Each structure stands twice: as C-alpha cells, then as structure tokens.
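Every value quoted in this text rests on a predicted model; they were computed, and no experiment measured them. Note: hydrogens, waters and symmetry copies are ignored here, and every other heavy atom, side chains too, is used.
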Amino acid sequence: NSAYDTSNFRWTPGVVGKYYIFAQYRVYSTSDFDNVQIRIQKNGAQIAGAVVYNHHYESVQTAIMLDMDADDYVEVEGYLGASNPLSTDPLECNFFGFKIG
C-alpha cells in the first residue's frame, strides 16, 4: 500500500499478516575492506542481518518472513565504513516487503 514513511525511513504494513521483507545494497568501491553490514529491524530490534567483506563492488543482502501487526514497523540499517559510497542504481540498492498470508 505504499506505506513507506520517508520522514523516518520505516515501513508499517497497516494490515495484520505474514510478510516477506528483503533488503540489499551494493558498495560502489574497488577498495577491499571488512565489515559491510545490513540489518532488518522490527520495532527497533534486529531480526535479520548479514556481513560481508568488500572486494570490488560487493553486495550485501538479507531477507526474512515474519508475522506483523498493523502497527509494527520495519526499517533497514547498513554499515560500510567511512567514505565508502553506495551504488545509486535502484536495482542494486532496495528494500521491499509484501504480504504472503
């Protein structure tokens, strides 16, 4: 229902159900470094995540199926170190969810 709130970067489903949530981003850097992280949080608590080593434009992604109430919210956090840019391609950096039951 396009319920993503750009003022606080959270998505609230508005409808009780089971949801599939996916998030990914791509580091736009040829530098090699540790600790590229992504986390999905529900109501402020981490529920899914991944960590990778960057070796020339790596992507990090995570996904989860979860039960949500109408007023629960989901948000994504990432960490890729200082001065390492993200890709600006929407096919490489995205966050989505949909109801599956």
How long is the gap from [atom1] on [X] to [atom2] on [Y], to the nearest 0.5 Å?
X: F95; Y: Y25; atom1: CZ; atom2: OH; value: 14.5 Å
X: R26; Y: N94; atom1: CZ; atom2: CG; value: 13.0 Å
X: D72; Y: T12; atom1: CG; atom2: OG1; value: 8.5 Å
X: H55; Y: F33; atom1: NE2; atom2: CZ; value: 12.0 Å
X: I21; Y: I40; atom1: CD1; atom2: CD1; value: 7.0 Å
X: L80; Y: S31; atom1: CG; atom2: OG; value: 11.0 Å

Closest heavy-atom pair and its distance - [X], [Y]:
X: P85; Y: S29; answer: CD-CB, 4.4 Å
X: G44; Y: Y73; answer: N-OH, 3.4 Å
X: V16; Y: D69; answer: CG2-CA, 4.1 Å

Item to check | Test ring-ring contact (aromatic ring centres under 6.0 Å, His included) applied to Y79 - qualifying residues, sequence neighbours left out | outcome: none

Verify, without hydrogens or angle tests, whether [X] (side chain) and [Y] (backbone) share a donor-acceptor contact under 3.5 angstrom.
X: K42; Y: M68; value: no
X: D34; Y: Y53; value: no
X: Q24; Y: L91; value: yes
X: H56; Y: T30; value: yes

Item to check | Check against side chain to side chain donor-acceptor pair (under 3.5 Å), S87 and D89 | outcome: CA-CA 6 Å; S87 169; D89 186 333; 5.3 Å; no

Applying the 4.5 Å side-chain criterion to the ILVMFWY set and letting contacts propagate, would [X] and [Y] be lumped into a single cluster?
X: Y4; Y: V15; answer: yes
X: V36; Y: Y28; answer: no
X: V60; Y: F9; answer: yes

Next on the checklist: Does the plane of the ring in Y19 sit parallel, tilted or perpendicular to the ring in W11? Use 30° and 60° as the thresholds.
Outcome noted: perpendicular

Checklist entry - Hydrophobic cluster mates of I100, side-chain heavy atoms under 4.5 angstrom, ILVMFWY only, any path? => result Y20, F22, M65, F96, F98

Checklist entry - Which residues satisfy the side chain to side chain donor-acceptor pair (under 3.5 Å) test with R39, sequence neighbours excluded? => result Q37, E77

Checklist entry - Salt bridge or not for D5 and R10, using N-O below 4.0 Å? => result no

